[in-house]
There are 2 protein chains.
Amino acid sequence: MKDGSLTAPEELGVLIKATQAILHQRMDDVLRPLELSVPQYACLQALHDSPGITSSELARRAFVSRQAMNVLLLGLEARGLVERSDDPGPRRERAAALTATATALVRHARAEVAAVAARMTSDLAAADLIQLRALLTTCRDRLLTL
Amino acid sequence: MKDGSLTAPEELGVLIKATQAILHQRMDDVLRPLELSVPQYACLQALHDSPGITSSELARRAFVSRQAMNVLLLGLEARGLVERSDDPGPRRERAAALTATATALVRHARAEVAAVAARMTSDLAAADLIQLRALLTTCRDRLLTL
DNA sequence: GTCGGTCTGTCAAGCTTTTGACATGAAAGA
DNA sequence: TCTTTCATGTCAAAAGCTTGACAGACCGAC
């Protein structure tokens, strides 16, 4: 018989969730010594790549609500890692930016996370990595276009 | 130049998270009419495939803590979807099982979720699906073996 | 047999996130 | 121009989940 049913699509969903969960766990392991949670790291990382980004856009990239991102930013602001202009922006926006100490911290955290990701893919050939990226992108885009 | 850096491993982590997030969203969309959350569905599904499973094992499969799974089970129990034996088990375990109405509900929910998963992979050939499954499994197992 | 380790279930407290709602500011369209 | 629409930021309440801790029950090693 053909094995089309051996790779049930719904099984793939569980596999994606399992991979994401264990990756999240490993990231948390290496970020904890830096006093950072995974969402906090994602926030600082996005802020590093796109300085002056808005809080709402930040929330979208970190896959959380605006409100959650706001309390997250308040915490980072209290620790002197993020600065937000108090005066209004063009569309009531308050641009956020990293401080110098945050930039150094992000550099360190980034290296740790990259090591985890590298370990995750250490059994894959370069071509496999490229294909995995392409396949996942296809799945994601297919779900995005309702 | 070689393109080894074009597929940075850490970029893959974000892609996995993005795919899982949007899949979670779509699952929530189809489960909401059934009055089920994604964790609740995962719980019922696992209980359907493995009747008499323990609460802790259930928590592991749903990627939540024992305590969270317990409150989740209390809710399902109150709705008459799950039954747990009150008398002790071999290792203080209380085996949980689905009721008849829950079995019918799971069958319905399963079909809806399967449709979402099928749509997610509708742009992939059968061979691609098999390979995606293999690649993701490799990544997950690599992270599991610390 | 006994002791240490492990797993289960449960209680309590705390934190994080979501949901719902509102006012403000700006762009798009009639 | 006026209005409709939309996005941001923020407040308040609620839900969900995690962490830490404890007792009961089994298992294996000694």
Side-chain angles (χ1 to χ4, degrees), chain A residues 17 20-22 24-29 31-33 35-44 46-47 50 52-79 82-97, chain B residues 17 20-22 24-29 31-33 35-44 46-47 50 52-79 82-97:
Chain A
K17 173 62 182 174
Q20 185 269 331
I22 183 65
H24 190 282
Q25 178 68 49
R26 293 290 176 260
M27 285 176 64
D28 196 75
D29 291 343
L31 289 175
R32 189 174 299 274
E35 307 264 6
L36 284 178
S37 69
V38 176
Q40 282 174 335
Y41 167 73
C43 173
L44 293 179
L47 226 41
S50 311
I53 207 176
T54 84
S55 178
S56 292
E57 178 62 26
L58 216 43
R60 259 171 253 129
R61 299 199 191 182
F63 310 105
V64 295
S65 63
R66 289 169 289 164
Q67 297 86 335
M69 179 54 69
N70 190 41
V71 306
L72 209 157
L73 280 173
L74 286 174
L76 293 175
E77 221 171 352
R79 281 170 61 182
V82 170
E83 286 181 351
R84 278 193 288 182
S85 56
D86 285 343
D87 47 292
R91 198 170 183 163
R92 199 195 169 101
E93 307 171 352
R94 293 175 56 195
Chain B
K17 174 60 182 174
Q20 184 269 330
I22 182 66
H24 190 282
Q25 180 68 49
R26 293 291 176 259
M27 286 177 63
D28 197 75
D29 292 341
L31 288 175
R32 188 174 300 273
E35 306 264 4
L36 284 179
S37 69
V38 176
Q40 282 174 334
Y41 167 74
C43 174
L44 293 179
L47 226 43
S50 311
I53 208 177
T54 83
S55 176
S56 292
E57 178 62 27
L58 217 41
R60 258 171 253 128
R61 299 200 191 182
F63 309 105
V64 294
S65 63
R66 289 168 289 166
Q67 297 86 337
M69 180 53 69
N70 189 42
V71 305
L72 209 156
L73 280 173
L74 286 175
L76 293 175
E77 223 172 352
R79 281 170 59 182
V82 169
E83 286 180 352
R84 278 192 290 180
S85 57
D86 285 342
D87 47 294
R91 197 170 183 162
R92 200 196 171 100
E93 305 171 354
R94 294 175 56 195

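Letters go in sequence order (proteins before strands), and every chain restarts at 1. Every value quoted in this text rests on a predicted model; they were computed, and no experiment measured them.
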Rounding to a whole Å, what distance do you find between L72(A):CG and dT10(D):C1'?
16 Å

Nearest whole angstrom, please: distance from the C1' of dT19(C) to the CG of N70(A).
16 Å

Calculate the interatomic distance between L74(B) atom CG and dT10(C) atom C1'; express it in whole Å.
10 Å

Just the rounded figure in Å: distance from P of dT17(C) to CG of D28(B).
17 Å

Let me know, please, whether F63(B) or R84(A) comes out on the 5' side of the other along DNA chain D by nearest nucleotide.
R84(A)

Within the 3.5 Å criterion, strictly below it, is a donor on R61(B) or S50(B) matched to an acceptor on the partner's side chain?
yes

Where do A95(B) and G52(B) come nearest, in terms of heavy atoms and distance?
CB-O, 3.7 Å

Value in whole Å for how far the C1' atom of dT19(C) lies from CE of M69(A):
18 Å

Answer yes or no: does atom CD of E83(A) have more than 12 heavy-atom neighbours from other residues, nucleotides or ligands under 6.0 Å?
no

In whole Å, I'd like the distance from the CD atom of Q25(B) to the C1' atom of dT17(C).
14 Å

Answer with yes or no whether Q67(B) presents, from its side chain, a donor or acceptor under 3.5 Å of a partner atom in the base of dG16(D).
no

Rounded distance (Å) that lies between atom P of dA7(D) and atom CG of L58(A)
18 Å

From the set dA12(D), dT8(D), dG9(C), return the single nucleotide nearest to any side-chain atom of R66(B).
dG9(C)

Under 4.0 Å between any heavy atoms, over every strand shown, what does S55(A) touch: base, sugar-phosphate, or nothing? Just pick one.
sugar-phosphate

Given dT18(C), dC7(C), dA7(D), which nucleotide is nearest the side-chain atoms of R60(B)?
dC7(C)

Which atom pair, heavy atoms only, marks the closest approach of L47(A) to A96(A)?
CD1-O, 3.9 Å

Kindly point out which of dC17(D), dT19(C), dG9(D) is positioned nearest to the side chain of S65(A)?
dT19(C)

Distance, nearest 0.5 Å, that separates CG of L31(A) from NE2 of H24(A):
9.0 Å

Taking the minimum atom-to-atom distance to the side chain of V64(B), which one of dT10(C), dG9(D), dT18(D) wins?
dT18(D)

